[in-house]
There are 2 protein chains.
Amino acid sequence: MADKTICPKFESALNILNKRWTGLIIFQLLEGAQRFSTIEATIGISGRVLSERLKDLEKQGIVKRQVYDETPVRIEYALTEKGKALEPVLKSIQKWADGWMEKEKQSFI
Amino acid sequence: MADKTICPKFESALNILNKRWTGLIIFQLLEGAQRFSTIEATIGISGRVLSERLKDLEKQGIVKRQVYDETPVRIEYALTEKGKALEPVLKSIQKWADGWMEKEKQSFI
DNA sequence: TCATTAACTTACTTTATGTAACTAAGTATA
DNA sequence: TATACTTAGTTACATAAAGTAAGTTAATGA
(Lines give C-alpha, C1' and ligand atoms only; values in the text may rest on other atoms or scores of the structure.)
Protein backbone atom coordinates (compact mmCIF):
# COMPACT_ATOMS: atom_id res chain seq x y z
CA MET A 1 0.00 0.00 0.00
CA ALA A 2 3.03 2.23 0.02
CA ASP A 3 6.02 2.36 -2.32
CA LYS A 4 4.91 2.13 -5.92
CA THR A 5 7.93 2.14 -8.16
CA ILE A 6 5.89 1.59 -11.29
CA CYS A 7 5.36 4.29 -13.91
CA PRO A 8 2.05 5.96 -13.05
CA LYS A 9 1.11 6.44 -16.71
CA PHE A 10 1.56 2.75 -17.29
CA GLU A 11 -0.43 1.96 -14.20
CA SER A 12 -3.36 4.08 -15.21
CA ALA A 13 -3.25 2.61 -18.71
CA LEU A 14 -3.43 -0.81 -17.14
CA ASN A 15 -6.31 0.33 -14.96
CA ILE A 16 -8.33 0.88 -18.11
CA LEU A 17 -7.76 -2.54 -19.66
CA ASN A 18 -7.91 -4.00 -16.21
CA LYS A 19 -11.59 -3.37 -15.87
CA ARG A 20 -13.81 -6.12 -17.01
CA TRP A 21 -15.21 -5.68 -20.54
CA THR A 22 -13.19 -2.64 -21.61
CA GLY A 23 -10.83 -4.68 -23.77
CA LEU A 24 -13.69 -6.37 -25.52
CA ILE A 25 -15.56 -3.11 -26.06
CA ILE A 26 -12.52 -1.47 -27.64
CA PHE A 27 -11.89 -4.57 -29.75
CA GLN A 28 -15.45 -4.39 -31.03
CA LEU A 29 -15.17 -0.72 -31.87
CA LEU A 30 -11.95 -1.29 -33.82
CA GLU A 31 -14.25 -2.71 -36.49
CA GLY A 32 -16.07 0.60 -36.70
CA ALA A 33 -18.68 2.66 -34.89
CA GLN A 34 -21.42 0.64 -33.28
CA ARG A 35 -24.69 1.09 -31.51
CA PHE A 36 -25.35 0.38 -27.87
CA SER A 37 -27.54 -2.62 -28.49
CA THR A 38 -25.12 -4.12 -31.00
CA ILE A 39 -22.23 -4.02 -28.57
CA GLU A 40 -24.48 -5.36 -25.84
CA ALA A 41 -25.54 -8.35 -27.91
CA THR A 42 -22.17 -9.08 -29.49
CA ILE A 43 -19.99 -9.22 -26.43
CA GLY A 44 -22.67 -10.31 -23.96
CA ILE A 45 -22.31 -7.48 -21.48
CA SER A 46 -25.22 -6.24 -19.40
CA GLY A 47 -26.72 -2.88 -20.33
CA ARG A 48 -26.01 -1.52 -16.90
CA VAL A 49 -22.28 -2.13 -17.09
CA LEU A 50 -22.01 -1.21 -20.78
CA SER A 51 -23.53 2.16 -20.02
CA GLU A 52 -21.06 2.62 -17.18
CA ARG A 53 -18.06 1.57 -19.27
CA LEU A 54 -18.94 3.75 -22.24
CA LYS A 55 -19.20 6.78 -19.96
CA ASP A 56 -15.82 5.97 -18.43
CA LEU A 57 -14.22 5.50 -21.82
CA GLU A 58 -15.75 8.72 -23.08
CA LYS A 59 -14.42 10.59 -20.07
CA GLN A 60 -11.04 9.04 -20.75
CA GLY A 61 -11.12 10.26 -24.34
CA ILE A 62 -11.01 6.77 -25.80
CA VAL A 63 -14.55 6.59 -27.13
CA LYS A 64 -16.82 9.27 -28.58
CA ARG A 65 -20.60 9.24 -28.61
CA GLN A 66 -22.11 10.29 -31.91
CA VAL A 67 -25.77 11.25 -32.12
CA TYR A 68 -27.37 11.13 -35.58
CA ASP A 69 -30.56 13.13 -35.52
CA GLU A 70 -32.61 10.84 -37.69
CA THR A 71 -35.98 9.40 -36.85
CA PRO A 72 -35.59 7.37 -34.83
CA VAL A 73 -32.45 8.89 -33.42
CA ARG A 74 -29.35 6.78 -33.95
CA ILE A 75 -26.52 6.82 -31.48
CA GLU A 76 -23.17 5.32 -32.27
CA TYR A 77 -20.05 4.83 -30.27
CA ALA A 78 -16.72 5.14 -32.02
CA LEU A 79 -13.06 5.18 -31.06
CA THR A 80 -11.15 8.44 -30.91
CA GLU A 81 -7.55 8.64 -32.11
CA LYS A 82 -6.47 7.74 -28.61
CA GLY A 83 -8.78 4.76 -28.73
CA LYS A 84 -7.60 3.64 -32.16
CA ALA A 85 -4.05 3.83 -30.88
CA LEU A 86 -4.88 0.84 -28.71
CA GLU A 87 -5.06 -1.42 -31.74
CA PRO A 88 -1.46 -2.66 -31.39
CA VAL A 89 -2.21 -3.59 -27.79
CA LEU A 90 -5.22 -5.67 -28.73
CA LYS A 91 -3.30 -7.14 -31.67
CA SER A 92 -0.47 -8.23 -29.41
CA ILE A 93 -2.93 -9.89 -27.05
CA GLN A 94 -4.44 -11.70 -30.01
CA LYS A 95 -1.01 -12.82 -31.13
CA TRP A 96 -0.22 -14.16 -27.68
CA ALA A 97 -3.57 -15.91 -27.53
CA ASP A 98 -2.92 -17.56 -30.88
CA GLY A 99 0.46 -18.75 -29.78
CA TRP A 100 -0.29 -19.88 -26.25
CA MET A 101 -3.94 -20.30 -25.45
CA GLU A 102 -4.58 -23.37 -27.56
CA LYS A 103 -1.61 -25.41 -26.45
CA GLU A 104 -3.19 -26.58 -23.23
CA LYS A 105 -6.81 -27.17 -22.41
CA GLN A 106 -7.95 -24.07 -20.64
CA SER A 107 -9.75 -24.29 -17.35
CA PHE A 108 -11.10 -20.74 -17.08
CA ILE A 109 -10.42 -19.45 -13.59
CA MET B 1 -25.70 -13.03 -23.64
CA ALA B 2 -26.02 -14.97 -26.85
CA ASP B 3 -24.11 -14.62 -30.09
CA LYS B 4 -20.42 -14.18 -29.44
CA THR B 5 -18.60 -13.71 -32.69
CA ILE B 6 -15.27 -13.05 -31.01
CA CYS B 7 -12.41 -15.54 -31.05
CA PRO B 8 -12.66 -17.54 -27.83
CA LYS B 9 -8.88 -17.76 -27.42
CA PHE B 10 -8.68 -14.01 -27.60
CA GLU B 11 -11.52 -13.68 -25.16
CA SER B 12 -9.94 -15.92 -22.59
CA ALA B 13 -6.62 -14.14 -23.03
CA LEU B 14 -8.42 -10.90 -22.32
CA ASN B 15 -10.06 -12.47 -19.30
CA ILE B 16 -6.64 -12.90 -17.76
CA LEU B 17 -5.47 -9.33 -18.21
CA ASN B 18 -8.98 -8.21 -17.47
CA LYS B 19 -8.73 -9.16 -13.86
CA ARG B 20 -7.52 -6.48 -11.57
CA TRP B 21 -3.82 -6.72 -10.69
CA THR B 22 -2.79 -9.47 -13.12
CA GLY B 23 -1.18 -7.03 -15.54
CA LEU B 24 0.82 -5.42 -12.78
CA ILE B 25 1.88 -8.76 -11.31
CA ILE B 26 3.17 -9.98 -14.66
CA PHE B 27 4.89 -6.67 -15.28
CA GLN B 28 6.67 -7.00 -11.96
CA LEU B 29 7.76 -10.54 -12.68
CA LEU B 30 9.18 -9.53 -16.06
CA GLU B 31 12.01 -8.03 -14.02
CA GLY B 32 12.75 -11.45 -12.55
CA ALA B 33 11.52 -13.86 -9.91
CA GLN B 34 10.14 -12.23 -6.81
CA ARG B 35 8.89 -13.10 -3.38
CA PHE B 36 5.33 -12.79 -2.20
CA SER B 37 5.98 -9.92 0.15
CA THR B 38 7.99 -8.02 -2.43
CA ILE B 39 5.21 -8.13 -4.98
CA GLU B 40 2.71 -7.24 -2.29
CA ALA B 41 4.65 -4.15 -1.23
CA THR B 42 5.67 -3.02 -4.71
CA ILE B 43 2.33 -3.00 -6.44
CA GLY B 44 0.17 -2.38 -3.36
CA ILE B 45 -2.09 -5.39 -3.65
CA SER B 46 -3.63 -7.06 -0.61
CA GLY B 47 -2.22 -10.42 0.44
CA ARG B 48 -5.57 -12.07 0.06
CA VAL B 49 -5.95 -11.14 -3.57
CA LEU B 50 -2.26 -11.66 -4.41
CA SER B 51 -2.49 -15.20 -3.11
CA GLU B 52 -5.61 -15.75 -5.21
CA ARG B 53 -4.04 -14.26 -8.36
CA LEU B 54 -0.81 -16.21 -8.08
CA LYS B 55 -2.77 -19.43 -7.79
CA ASP B 56 -4.82 -18.50 -10.85
CA LEU B 57 -1.74 -17.58 -12.84
CA GLU B 58 -0.01 -20.79 -11.79
CA LYS B 59 -3.01 -22.83 -12.86
CA GLN B 60 -2.96 -20.95 -16.15
CA GLY B 61 0.71 -21.83 -16.66
CA ILE B 62 1.83 -18.22 -16.65
CA VAL B 63 3.62 -18.19 -13.32
CA LYS B 64 5.59 -20.88 -11.51
CA ARG B 65 6.16 -21.12 -7.77
CA GLN B 66 9.71 -21.98 -6.81
CA VAL B 67 10.53 -23.20 -3.31
CA TYR B 68 14.14 -22.85 -2.15
CA ASP B 69 14.71 -25.07 0.83
CA GLU B 70 16.92 -22.76 2.78
CA THR B 71 16.44 -21.66 6.34
CA PRO B 72 14.24 -19.77 6.36
CA VAL B 73 12.54 -21.22 3.33
CA ARG B 74 12.44 -18.87 0.39
CA ILE B 75 9.60 -18.93 -2.08
CA GLU B 76 9.79 -17.10 -5.37
CA TYR B 77 7.33 -16.57 -8.14
CA ALA B 78 8.63 -16.45 -11.69
CA LEU B 79 7.18 -16.28 -15.18
CA THR B 80 7.03 -19.38 -17.34
CA GLU B 81 7.71 -19.20 -21.07
CA LYS B 82 4.03 -18.56 -21.58
CA GLY B 83 4.23 -15.76 -19.06
CA LYS B 84 7.36 -14.23 -20.58
CA ALA B 85 5.61 -14.28 -23.93
CA LEU B 86 3.34 -11.58 -22.55
CA GLU B 87 6.18 -9.08 -22.57
CA PRO B 88 5.21 -7.59 -25.97
CA VAL B 89 1.70 -7.06 -24.66
CA LEU B 90 2.88 -5.15 -21.63
CA LYS B 91 5.39 -3.27 -23.76
CA SER B 92 2.68 -2.16 -26.17
CA ILE B 93 0.57 -0.93 -23.28
CA GLN B 94 3.54 1.01 -22.01
CA LYS B 95 4.09 2.51 -25.42
CA TRP B 96 0.46 3.58 -25.63
CA ALA B 97 0.64 5.04 -22.15
CA ASP B 98 3.74 7.04 -23.08
CA GLY B 99 2.09 8.39 -26.18
CA TRP B 100 -1.38 9.13 -24.87
CA MET B 101 -1.69 9.20 -21.13
CA GLU B 102 0.25 12.39 -20.54
CA LYS B 103 -1.44 14.54 -23.11
CA GLU B 104 -4.48 15.34 -21.02
CA LYS B 105 -4.81 15.56 -17.29
CA GLN B 106 -6.19 12.22 -16.24
CA SER B 107 -9.21 12.06 -14.01
CA PHE B 108 -9.07 8.40 -13.02
CA ILE B 109 -12.53 6.94 -13.37
C1' DT C 1 10.42 -16.35 26.83
C1' DC C 2 8.78 -12.84 23.85
C1' DA C 3 9.03 -10.68 19.50
C1' DT C 4 9.74 -10.85 14.51
C1' DT C 5 9.45 -12.35 9.67
C1' DA C 6 7.48 -14.80 5.59
C1' DA C 7 3.77 -16.66 3.41
C1' DC C 8 -0.37 -17.28 3.71
C1' DT C 9 -5.57 -17.92 5.45
C1' DT C 10 -9.93 -16.51 7.70
C1' DA C 11 -13.68 -13.52 8.85
C1' DC C 12 -15.90 -9.59 7.79
C1' DT C 13 -16.90 -5.10 5.00
C1' DT C 14 -17.17 -2.55 0.84
C1' DT C 15 -17.33 -2.28 -4.07
C1' DA C 16 -18.39 -4.15 -8.64
C1' DT C 17 -21.16 -6.76 -11.57
C1' DG C 18 -25.38 -9.27 -13.00
C1' DT C 19 -30.51 -9.57 -13.50
C1' DA C 20 -34.66 -7.97 -14.41
C1' DA C 21 -37.93 -4.64 -14.65
C1' DC C 22 -38.91 0.17 -15.89
C1' DT C 23 -38.77 4.77 -18.63
C1' DA C 24 -39.12 8.04 -22.64
C1' DA C 25 -39.69 9.07 -27.33
C1' DG C 26 -40.95 7.73 -31.52
C1' DT C 27 -43.17 4.11 -34.91
C1' DA C 28 -46.01 0.65 -36.39
C1' DT C 29 -50.20 -2.16 -36.06
C1' DA C 30 -55.21 -3.27 -35.08
C1' DT D 1 -57.29 5.79 -30.77
C1' DA D 2 -55.22 2.21 -28.12
C1' DT D 3 -51.71 -1.26 -27.90
C1' DA D 4 -47.41 -2.98 -28.84
C1' DC D 5 -42.56 -2.52 -30.26
C1' DT D 6 -37.82 -0.55 -30.52
C1' DT D 7 -33.67 2.00 -28.86
C1' DA D 8 -30.95 3.69 -25.35
C1' DG D 9 -30.72 3.82 -21.40
C1' DT D 10 -31.77 3.91 -15.79
C1' DT D 11 -33.22 1.95 -11.27
C1' DA D 12 -33.58 -1.39 -7.63
C1' DC D 13 -32.11 -5.35 -5.82
C1' DA D 14 -29.01 -9.82 -5.49
C1' DT D 15 -24.65 -11.99 -5.96
C1' DA D 16 -19.70 -12.06 -6.69
C1' DA D 17 -15.16 -9.99 -6.22
C1' DA D 18 -11.91 -7.16 -3.79
C1' DG D 19 -10.24 -4.68 0.44
C1' DT D 20 -9.05 -4.68 5.53
C1' DA D 21 -7.43 -6.46 9.44
C1' DA D 22 -6.41 -9.96 12.36
C1' DG D 23 -4.85 -14.80 12.95
C1' DT D 24 -1.74 -19.01 11.73
C1' DT D 25 2.54 -21.76 11.28
C1' DA D 26 7.29 -22.40 11.28
C1' DA D 27 11.71 -20.74 12.01
C1' DT D 28 14.86 -17.48 14.05
C1' DG D 29 16.72 -13.67 17.04
C1' DA D 30 17.15 -10.80 21.39
Side-chain angles (χ1 to χ4, degrees), chain A residues 1-4 6 11-12 14-26 28-29 32-60 63-79 107-109, chain B residues 1-4 11-12 14-26 28-29 32-60 63-78 107-109:
Chain A
M1 199 204 274
D3 45 309
K4 319 224 171 180
I6 294 173
E11 247 196 282
S12 48
L14 256 185
N15 280 338
I16 294 168
L17 296 168
N18 238 336
K19 298 197 116 183
R20 196 165 183 184
W21 301 114
T22 32
L24 238 53
I25 293 169
I26 292 165
Q28 264 313 105
L29 294 183
Q34 285 181 39
R35 308 180 72 162
F36 190 94
S37 55
T38 308
I39 304 172
E40 196 178 3
T42 311
I43 69 178
I45 190 179
S46 72
R48 203 192 64 73
V49 177
L50 178 54
S51 169
E52 206 173 286
R53 283 296 178 281
L54 288 172
K55 276 180 197 158
D56 280 7
L57 290 170
E58 217 187 324
K59 207 175 294 176
Q60 218 99 32
V63 159
K64 59 191 166 206
R65 185 178 189 266
Q66 299 167 322
V67 181
Y68 297 94
D69 205 3
E70 308 166 354
T71 41
V73 68
R74 180 165 52 99
I75 294 165
E76 286 189 348
Y77 292 91
L79 294 176
S107 65
F108 294 113
I109 292 183
Chain B
M1 200 204 273
D3 46 308
K4 318 224 171 183
E11 248 194 280
S12 47
L14 256 185
N15 279 338
I16 295 169
L17 296 168
N18 237 338
K19 297 196 118 184
R20 197 165 181 184
W21 302 112
T22 32
L24 239 53
I25 292 170
I26 293 165
Q28 264 313 105
L29 295 182
Q34 284 180 40
R35 308 180 72 161
F36 191 93
S37 54
T38 308
I39 304 172
E40 197 179 3
T42 311
I43 69 179
I45 190 178
S46 72
R48 204 193 63 73
V49 178
L50 178 55
S51 168
E52 206 174 285
R53 282 295 177 281
L54 288 171
K55 275 179 196 156
D56 281 7
L57 290 170
E58 217 186 325
K59 205 175 295 175
Q60 217 99 31
V63 160
K64 59 191 167 206
R65 185 179 189 267
Q66 299 167 324
V67 181
Y68 297 95
D69 206 3
E70 309 167 353
T71 40
V73 68
R74 180 164 52 101
I75 294 164
E76 286 190 347
Y77 293 90
S107 65
F108 296 115
I109 292 182

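No experiment lies behind these values; they were computed from the predicted model shown. Here is how names work: the chains are called A, B, and so on, in the same order as the sequence lines, proteins then strands, and each is numbered from 1.
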Measuring from A:N15:CG to A:Q60:CD, what's the distance to the nearest 0.5 Å?
9.0 Å

Nearest heavy-atom pair of A:I45 and A:W21: which atoms, and what distance?
CD1-CG, 3.4 Å

Pairs: protein N or O with nucleotides 25-30 of chain D N or O, under 3.5 Å:
none

Nearest to the side chain of A:R53, which nucleotide is it out of D:dA18, D:dA8, C:dT17?
C:dT17

Heavy atoms of A:L24 and B:L14 approach each other most closely as CD1-CD1, 3.1 Å

To the nearest Å, give me how far apart CD (B:Q34) and P (C:dA6) are.
14 Å

Once you round it to whole Å, what is the distance between P of C:dA6 and CD of B:E76?
13 Å

Interatomic distance where CD1 belongs to A:I39 and P belongs to D:dT7 [whole Å]:
14 Å

Pick out the pairs of N or O atoms, protein on one side and nucleotides 9-13 of chain D on the other, that lie under 3.5 Å.
residue, atom, partner, partner atom, Å
D:dG9, OP1, A:R65, NH2, 2.5
D:dG9, OP2, A:Y77, OH, 2.4
D:dG9, O5', A:Y77, OH, 3.4
D:dT10, OP1, A:K55, NZ, 2.9
D:dT10, OP2, A:S51, OG, 2.4
D:dT10, OP2, A:K55, NZ, 3.2

Rounded distance [0.5 Å steps], CG in A:L79 versus CD1 in A:I25:
10.5 Å

Can you give me the closest heavy-atom contact between B:Y68 and B:V73, atom names plus distance?
O-CG2, 3.4 Å

What is the distance from CG of A:L50 to P of C:dT19, rounded to the nearest Å?
14 Å

Atom pair distance, as rounded to whole Å: CZ in B:R35 and C1' in C:dT5:
9 Å

So which of A:E76, A:E40, A:Q28 actually passes side-chain hydrogen bond (donor to acceptor under 3.5 Å, both in side chains) with A:Q34?
A:Q28

Whole-Å distance between D:dA18 P and B:I25 CD1?
11 Å

Rounded to the nearest 0.5 Å, what's the gap from NZ on B:K64 to OH on B:Y77? Could you check?
14.0 Å

For A:T22 and A:I16, which heavy atoms make the closest approach, and how far apart are they?
OG1-O, 2.7 Å

Rounded to the nearest Å, what distance is computed from the CD atom of residue B:E70 to the C1' atom of nucleotide C:dA6?
13 Å

Does B:R20 have a side-chain nitrogen or oxygen under 4.0 Å from the phosphate oxygens OP1 or OP2 of C:dA16?
no

Nearest-angstrom distance from the residue atom NZ of A:K19 to P of D:dA18:
12 Å

Taking only the side-chain heavy atoms of B:W21 (C-beta and beyond), determine which of D:dT20, D:dA18, D:dT7 contains the nearest atom.
D:dA18

Just to be sure I understand the rule, does B:S37 reach a base, reach only the sugar-phosphate, or reach nothing, if contact means heavy atoms closer than 4.0 Å?
sugar-phosphate

CG of A:L29 to CG of A:L57, rounded to nearest 0.5 Å, is 8.5 Å

